[in-house]
Every structure is written in C-alpha cells, then in structure tokens.
Amino acid sequence: MKTSRRDFIRISALGLGALSIGGSSIKAAGKTLFSKDQLNKLMMKRTSTYCEVCFWKCAGWVYSDNDGNIKKVIGHPDDPHCNGRLCPRGTGGVGMYNDEDRLKTPLIRVTGEDGKQTFREASWDEALSFIAEKMKKIAAEHGPECVALFTHGSGGKFWGHLLKAYGSNNISAPSYAQCRGPREVAWIGTFGEELGSPEPTDIRDTQCLVLIGSHIGENMHNGQIQEMSDAIDKKATIITVDPRFSTAASHSKYWLPIKPATDIALLLSWMHVLINEGWYDKDYVAKYTYGFDQLKEHVKDFTPEWAYGITTIQPDVIRKTAREMFNAAPSVIVHPGRHVTWYGDDTQRLRCVAILNALLGSWGRRGGFYLGIETTIPGFPHPEYPKPKKTWRDAFPGQFVLADLALANGICDATIPAASRDCSFKGWIVNGTNLIFTLPDIRNTKKAIENLELLVVIDTMPMEITGYADVVLPECTYLERYDEIRTSKHRIPTIALREPAADPKWDSKPGWWMAKELGHKLGLDEYFKYKDIEEVLEWQLNKVGSSLDEMKRLGVKKMKPEDGQLLYFEPGADIEFSTASGKIELYATSFSDEGFDPLPKYTPHPEPPQGFYRLNYGRAPMHTFSRTANNPNLTDLMDENTVWVNPKVAKVWGLSNEQYVWLENQDGIVSSFPIKVRITERIRWDSVYMVHGFGHKNEKLTRAHGRGASDSELITTVMVDPIMGGTGMRGNFVTFHTEKPAKGGLL
Amino acid sequence: MRYAMAIDTKKCVGCSDCVVACQTENDVPIGYCRDWIVEVTDGTYPQLETEIRSERCNQCDNSPCVRCCPTGASHYSEGGIVLVTPEKCIGCAACIQSCPYDARYTHPKGYVDKCTFCIHRVKKGMEPSCVAVCPTKCMYFGDLDDPNSAVSKVLKTRKYKVLAPEAGTKPNVYYLI
Ligand code: SF4
Ligand code: SF4
Ligand code: SF4
C-alpha cells in the first residue's frame, strides 16, 4: 500500500451486535434491588485471573453471577503482588470488560473513490490474510527484520514469538526507553543485575525509605504502597524529594522541595556527607565494592553547601537526612523509582541512587533490597527461530551500546528513512500501547507512521494509534481470555493463572489465538504445534508439578525455592557479582569502557524561559496511562486531569480555580483541549503538574474524548540519554492561554 | 454491640479504591457513591500539611436523619448501624437535607441509599468491602464493646477525631490523626 498520506480515522459504525450483551449491570441491579444477601448468593462462580490494568499483575478472583455477569474482582490472598487487595484500577477492572466503546470487530483501512479513508469491518480471516500478505511482501522485498513489534502487556509474549518465528527480533516495549530503562542499566552497571518488576524493595521491613520523584500512592504499585503503609505503622523514616508536595511527601517525616532538574547535585552531596562523616557500611564497602577511593576523591567537593546553591535544599537538611539513612542502614532503601526518563542523564542519576544503596549496604539486606526468587516455567517446544540478519541496533552504529533491550523510540526513528542508515522499518505491529501518547514528540511518531507499508494495531479500545492503523485487531480483555502463566520474582516464588471469566464480547479474540492464526497464514505452523492455549498451559504446568485443574482451583500456587536460594546475603558470605570486577562497582568499569563517565556528574539543565513553567507529569491512583481513560468505573472516580498551579503563579496570570486554560509549550505547540486549573500550594512556583493519559482525541472514546489535556502532546523537546537511548521528557515548559489560541495541537 | 470504624489519615493515600470497591460490592450505580475522598491542605509552600481521608456515613448514635424520616424507613439496626428500608422510603430526601456529612443520595430507583457498614458481609464474619480492599490497610472495623476488636485496639493507642463534633451527632467513624 502506498501511504503518502495516512489520515487518522475515527472508528465508526461499530457495535451492531452490541445490544444483546450490554446492560448486564442494570439487569443485575434490578434483581438485587432489596436484598444484598440475595446478591451474594447469586455470585456463584469464581474464576482465577491476574490483573492487566497495569503491569503489576496482581492475582485475583473474578466473581460472576449465575447469568455469567461479572460482578467484581477481588485480590487473591496468597498473592505476594497484592496480598488480597487490588488497587482501585484492579477493583474497577470490570469496567474494561463492560466498556461499550471497545473495539468490536477487525477493521481494514480503505480509501473510497472520493479519496476519503475509512475503516470497514472485516472478518478475522480477511484481516489476518491481509496482514499475512503484507508481511510476506515486506519479507521478500526488504527482509523480515523490517517489521517491528511495540508491545505492552501480556499478549506481547505471543506476538513476540510470532515475530521471531517470522525472522525479526525487533521487539520493543515503551516501558523500557520511555520509562524504567535507565535504572536497569544503572543497576547492571553497579550490581551486575537489573531490578526488574516488581522491584525487590524490602519496604515492609525498612527503617528508612527515600523517595526521589517517586510518588508512591499516586502511582499504585500495589505491593509497594501496601508495604509503605506497613513501614509507616512501624515508624520508619520516610524522606521524599519532590518539587511537588506529593501524597507520599505529605506522609513523610522529611520533605525536600527540590528545585526541579537538580537531583544529581543532592545525590552527590549525600554521597559526600556519608563518606566524609564515615556514615557508610565500612565492612560491606570493603568486602563487596570496587572503586571506593575514586568515588571518595570524586565527591570530595560536593558539600551540602555546594548542593544548596543548586537544589535550594538547606545544608543541615542534607546532613540530617544523610544521618537518618545511616542510622537505619542497612535497612534503608534509596528507591530507584520507576518512570525515570527525565533529563537525558537519567542513567547517571540512577547510578547515584545505586551507589548510595551500595554505600549504605542495603543491596541484599533485610529492609533494603531482597534477592527476588523466581520459578521458571519451560517454554512450549518449537523449532529454533531463524537468525535475523540485522536488528534495530544496526541503525545506530556505536550508539546506546549499554541498552539491554530494544528502544521503541529507536525503532520509530529508524522508520524514517535517512541517508546515514540503510535499515528502515516498513511494518509495525503495535500491541496494547497507544504509541501516539507513549512516545515523545508526536510529530516524529507521525512522520515515521507515514513511511510504513503496514501498521497493525491490537487493542481492546480505540486509541489514538488505532486511527493510523491499516488493520485493527480487537483483543478481548483479560477477563475474557487465557494468557501465559504469570511467574514472578518475589520473596516467595509463585505462579498464577488467568482464565476467562466470560466469553469474549462481540468479535474480539485473545492474543494467543490471533498470533497462532496469523502464524498459520504465514506458513509458520511448526511454531504453533498446539490446538489451543489450554494445551500449552497444561504442558507447562505439568512440567512444574501442577496442572490446569489444580491452578483453576488454587489461582495462585506458591512454589518451592530452589536449594540455596536466599532472600538476603548471609553475613560475611563471599559473593561474586556479575560485573567485570566481580564486585559492586561504585566506579563503573562497563561505563568507562564505552567512554561514559564511570562516576556520575552533575550537569545543569535548561531552565524555563520567562513566563513559562516546567511541565511535570505523573500518575493518579485510579488510572493507568491512557489505558483506563475511558473505563466507566474509573472515569467515575476521575474523568479529567487538572493542571496544578501555585497560587502565586495563578495571581500573575489572573487564573481562578476550575477555570479551563490551554497550555502552550516552548515550541509553540498548544494543547488540543483545554485543561482545568487547580490552584494549590502543593506545587512549586517554577513548575506545573498534570496527570498523564488524558486529553484524548478519538471521539469514539465517549467518556475520555476531549477531557483534560495530553502531556504527551506538549513533550516535543526530548533529551536522549547517550548511554542507553532513554527519552528524557522533563525538559518541556508551558505557558497559559485563557482563550483558545488559533494555533492547534498535534493530535 | 456498637459497630464503628477508624480510618488512619497518616496512611490513606486517597486512591479511591474504597469507593470503587463499595460500588462493585453494593451495586451502587456509576455516578453515585456511598463513600468518597476528601483532601485538605493547610499552609503555604513549602510549609505544608495535607490530610487525606475516606468519608462515609458516620452511623451516628444521635442521627438527625433517623429523627426526621417521616416513614420510619431510616432506622437504627443491630450494632447501631443506621439503615434505610427501601420499600418504606418515599424518596422525600428530608434525611439528605438533615445529614451534616452529605452521606446520602437518592438512588435512581427512587429510594435513598447510603453506607450500610456492609452489614451483609459483617454478618458473615467478613470485613466491610472498603476495609477489606484498602491497599494501605488504613481502615479498622469492629465492635466498640469488644476490647479486642481492631477498632477498639487502635483507638486505645492512637489520637483521633470525629467529623463535625459540634453537630452533636455522636459519629461512629473515627479519624486517626
Ligand atoms: S496494581 Fe492495580 S492495576 Fe496493577 S495489576 Fe495490581 S490491581 Fe491491577
Ligand atoms: S482505599 Fe484506603 S488508601 Fe485508598 S482512599 Fe480509600 S481509605 Fe484511602
Ligand atoms: S462499609 Fe460498605 S457500604 Fe459503607 S462505604 Fe464501606 S463498602 Fe460502602
């Protein structure tokens, strides 16, 4: 297909078969009008699941009434991710299933005689044949490596398998280079291993928790929020560094209202104090670390007085908080955070965090970081994958060498033809991630899309990215499907089952089925030698001493750790770390080998121009990115975002509470939709704050369309991390318009 | 028996899980709620204090809503819980007007609805839905006459307050401060 122009299409004329399924909750409410006991009797069926509303993957039970209506989802008491308590999104997860705006049938882009592009409904056979033909053509003309996968969520496993069988290993997740990548690279460079998810933070038993821009409680990383609460009960000291008085800050003993973009100065100065005062774990440092003398020399001038001038944090507060950390050590956690792609020097900032933990001896210690224990489940047998001739890395010779996973932004960039590289991507398969919102600089993403020969989008909801697809495949929600067994690295290893609690609504299908059927059309049957996923799960579960029947009964099964797996280092044990020196590297040799600073440095970042404010963004506890923005249960809790403005700033601009404003960024980009002002002392006067995931353009999202503004749209300055390619997104500044400006947005 | 609840403002993060769990447990229609979140911030940057709390019917000992109900639909039930009998409720909303906490709403089906302390669960030995779901475990429920109940124990060791004590309603929901 020649797509010189790829119009955004609003998905329309859908849901013809919807009436027979909708309205179930009304029916149920009618039945149970007067008796709650009766209601409970009606809830006969219980099926096992693990939640897919975010990446935490809490296991739970789905309760349905006798008519098969899903009534509620409750956390599984044996699951270490949730301990029987789902977060608001998981509790409201049933809204994902009930959402009448869901994608209902496969769609294919067609161009009418008038040149107008629309989607037409298609059968699965037709849609998958269309994709297969395009993929075969791309493989023949450019090689299969020119097709890439972008994925978020469970279904990605199946698509990844399909893509590798087809001959490409360009499999990327925006959750890496747009989110947690820098901390993984920093951890590998320091401790020789990545943190992974859930992070092995031993918050439950900590005596001191240090949060740096990590707004636990607003991000609902379930296990962590539960344990933070335990820590509060046990009177642990919480130190929160944030320019915003976050919920966590309001629950903390110390709040350090840092000037944005100066965190590294504070972190270096903490190192200076710990080393200068001798407030570090001397035995641990001597036995397990490499490069202490270089570090000591490196931080000798980074006094609290030096940091004060940069961060605006009082020197005595820096000393006092350093002392609190040492008092608690090794039961102290300098939390690595999760979304850490801020200023382009993020890997180095996270190196600082890693070094602080090493100095305090908290890695591998109770109340610091435990050593996660995992069960592995063998993969279903299949032939070896063909060896790809090239990868996304070939597009960036000598760059981002320390990235341990594919860069979603890298693949996006390498889709735009450039003289400097011969590899450009021709096909994208996008599974469960709204790339228009997840990748920074929408202009760039759209430019890449223009160059594609094939764009397949798999999702449950019509999102912005669906509007650019050639083919849209409606996935059924997690409540309607089987997925792979969830394994997790935790204090105790567990496995959890997701089974369907209801049949897929409309003509939606599970990811495993789509991948298998498409594999068949691509002639890859030998990679899918099973009838259905139940056969695969049964085979895998038998290998680890369980069965599908047992898992349907248990939901979550605790597994036995392998012999010798310990949660913490034994005192005085000899440990070989997976770094070049075999030690915890305070001085990162893997960084110096590649020409990067082996010890982190502070560099100033651009400041807001006159009349502009730094755009900070974050999460609300009842939403997961844009994924939940249309969920009827969750929009009921929060249906638009607000822009937080300090009262002093509001006065200058004459803004009043609840007034709608348009935001314009430093590049002259205006938000497509207005956003409500929230005047609050909880934000610094040099920045504004908004929750990510709102401001949707797709009109088919009837509850989300035009509600609030999209931070993604305003992120056009991207500070790329030279070490691993992460996209720093906090270098954008906005100003206010009280009247709708003539200029438009990017959506 | 006197049922009561204590909510720890030092732990609540305002996530609203209690709200959505109540909705799915009690078939509260979307757009309505029996519990809700309040955030109060005092001070100026950076000298700030924020209190976040989950509110609901206080199941008052001296309930203006029960007193003003013309049909007897609003009544005290076991353990002092204030309930509404939907069949008797004529939807006059006098109780809604009288409640100092704005804890009641008119259900689309025409009767007034409010928090029941999930008595249907409590009778079975379960915790109320909001208490059971709360990720911060900041809610404590039980019988004040039982010194070993979760709520009695926590009220013994912690400072607490009630909302609008001046209204003289004698609330049974306590906020740990
Ligand atoms: S943290 Fe919440 S949304 Fe995420 S998996 Fe758990 S219950 Fe679901
Ligand atoms: S569920 Fe718990 S933490 Fe969340 S708002 Fe309700 S009371 Fe607060
Ligand atoms: S006790 Fe039950 S009815 Fe009352 S707010 Fe909690 S969940 Fe709702």
Side-chain angles (χ1 to χ4, degrees), chain A residues 25-26 28-30 32-37 39-40 71-75 82-92 94-95 216-218 220 222 225-226 228-230 232-233 245 247-251 255 257 620-622 632-638 646-648 680-685, chain B residues 8-33 36-37 39-52 85-87 107-111 116 118-121 123-124 126-127 129-138 154:
Chain A
S25 63
I26 296 164
T32 58
L33 183 52
F34 295 134
S35 164
K36 298 293 181 266
D37 277 339
L39 171 68
N40 270 275
K71 303 299 296 182
K72 57 182 181 181
V73 193
I74 304 288
C82 77
N83 308 298
R85 295 163 186 266
L86 298 181
C87 88
R89 299 160 300 158
T91 306
V94 60
I216 296 184
E218 286 160 283
M220 282 309 289
N222 197 346
I225 177 82
Q226 295 189 15
M228 185 166 91
S229 192
D230 296 339
I232 292 173
D233 267 343
F245 192 58
T247 300
S250 77
H251 287 6
W255 171 44
M622 55 294 274
N633 296 77
L634 302 181
T635 49
D636 195 28
L637 303 176
M638 175 179 181
N646 184 281
K648 290 192 188 74
T680 173
E681 289 285 354
R682 294 176 61 188
I683 182 87
R684 260 177 86 106
W685 54 87
Chain B
D8 191 345
T9 63
K10 299 286 180 214
K11 293 198 289 182
C12 174
V13 294
C15 70
S16 306
D17 204 359
C18 46
V19 180
V20 65
C22 177
Q23 287 171 324
T24 58
E25 173 68 27
N26 295 307
D27 264 333
V28 176
I30 285 176
Y32 301 86
C33 57
W36 61 93
I37 311 303
E39 179 206 307
V40 189
T41 297
D42 281 326
T44 47
Y45 194 98
Q47 252 69 53
L48 292 169
E49 260 178 59
T50 293
E51 180 176 295
I52 304 171
T85 310
E87 293 90 336
H107 193 284
K109 291 189 186 300
Y111 59 89
T116 59
C118 282
I119 187 67
H120 65 291
R121 288 170 60 99
K123 273 189 197 156
K124 287 193 211 150
M126 296 160 83
E127 289 180 318
S129 181
C130 53
V131 176
V133 82
C134 173
T136 68
K137 294 163 273 183
C138 76
V154 77

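Each chain gets a letter, A, B and so on, in the order the sequences are listed, and its residues count up from 1.
- Between chain A and the residues Lys11(B), Lys10(B), Glu51(B), Gln23(B), the most heavy-atom pairs under 4.5 angstrom are made by Lys11(B).
- Proximity to chain B is limited to the backbone of Ile683(A), based on heavy atoms less than 4.5 angstrom apart.
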- Message: For Val20(B) and Met622(A): C-alpha separation, side-chain torsions, deciding distance, then whether side-chain contact (heavy atoms from CB on, under 4.5 Å) applies.
- Response: CA-CA 9 Å; Val20(B) 65; Met622(A) 55 294 274; over 6 Å; no

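- Closest approach of Pro257(A) and Arg684(A) over heavy atoms only: O-NH1, 3.1 Å.
- Heavy atoms closer than 4.5 Å to chain B are found in the side chain of Asn222(A), but not in its backbone.
- Counting heavy-atom pairs under 4.5 Å between each of Gly43(B), Gly14(B), Cys134(B) and chain A puts Cys134(B) at the top.
- Proximity to chain B is limited to the side chain of Asn646(A), based on heavy atoms less than 4.5 angstrom apart.
- Although no hydrogens or angles enter the test, the distance criterion places a donor-acceptor pair under 3.5 Å between the side chain of His251(A) and the main chain of Cys12(B).
- Nearest heavy atoms, Thr91(A) versus Val133(B): OG1-CG2, 3.6 Å.
- Of the listed residues (Gly90(A), Ser229(A), Gly84(A)), the one with the most heavy-atom contacts under 4.5 Å to chain B is Ser229(A).
- With respect to chain A, the highest number of heavy-atom pairs below 4.5 Å among Gly31(B), Cys18(B), Pro135(B), Pro108(B) belongs to Pro135(B).
- For the set Ser250(A), Cys87(A), Gly92(A), Cys82(A), the count of heavy-atom pairs under 4.5 angstrom toward chain B peaks at Cys87(A).
- Ranked by non-hydrogen atom pairs under 4.5 Å with chain B, the options Met638(A), Glu218(A), Gln226(A), Lys648(A) are led by Gln226(A).
- If you tally non-hydrogen atom pairs under 4.5 Å between each of Asn83(A), Leu637(A), Ile74(A) and chain B, the highest count goes to Leu637(A).
- Looking only at heavy-atom pairs under 4.5 Å with chain A, the residue among Thr9(B), Thr41(B), Ile30(B) that has the most is Ile30(B).
- Thr50(B) approaches Ile52(B) most closely through the heavy-atom pair CG2-CG1, 3.9 Å.
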- Stepwise, does the side-chain contact (heavy atoms from CB on, under 4.5 Å) test hold for Lys71(A) with Val94(A)? CA-CA 8 Å; Lys71(A) 303 299 296 182; Val94(A) 60; over 6 Å; no

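- Among Ala21(B), Cys138(B), Cys118(B), Ala132(B), the residue with the largest count of heavy-atom pairs under 4.5 Å with chain A is Ala132(B).
- Panel note: side chain Arg89(A), backbone Met220(A); a donor-acceptor pair is recorded below 3.5 Å.
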- Message: Between Asp230(A) and Lys137(B), is the salt bridge (Lys or Arg N to Asp or Glu O under 4.0 Å) condition met? List the steps.
- Response: CA-CA 8 Å; Asp230(A) 296 339; Lys137(B) 294 163 273 183; 2.9 Å; yes

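- Only the side chain of Ile232(A) comes within less than 4.5 Å of a heavy atom in chain B; its backbone stays farther off.
- In this pair, Trp685(A) and Tyr45(B) present their aromatic rings perpendicular. The plane angle is above 60°, beyond the 30 to 60° band.
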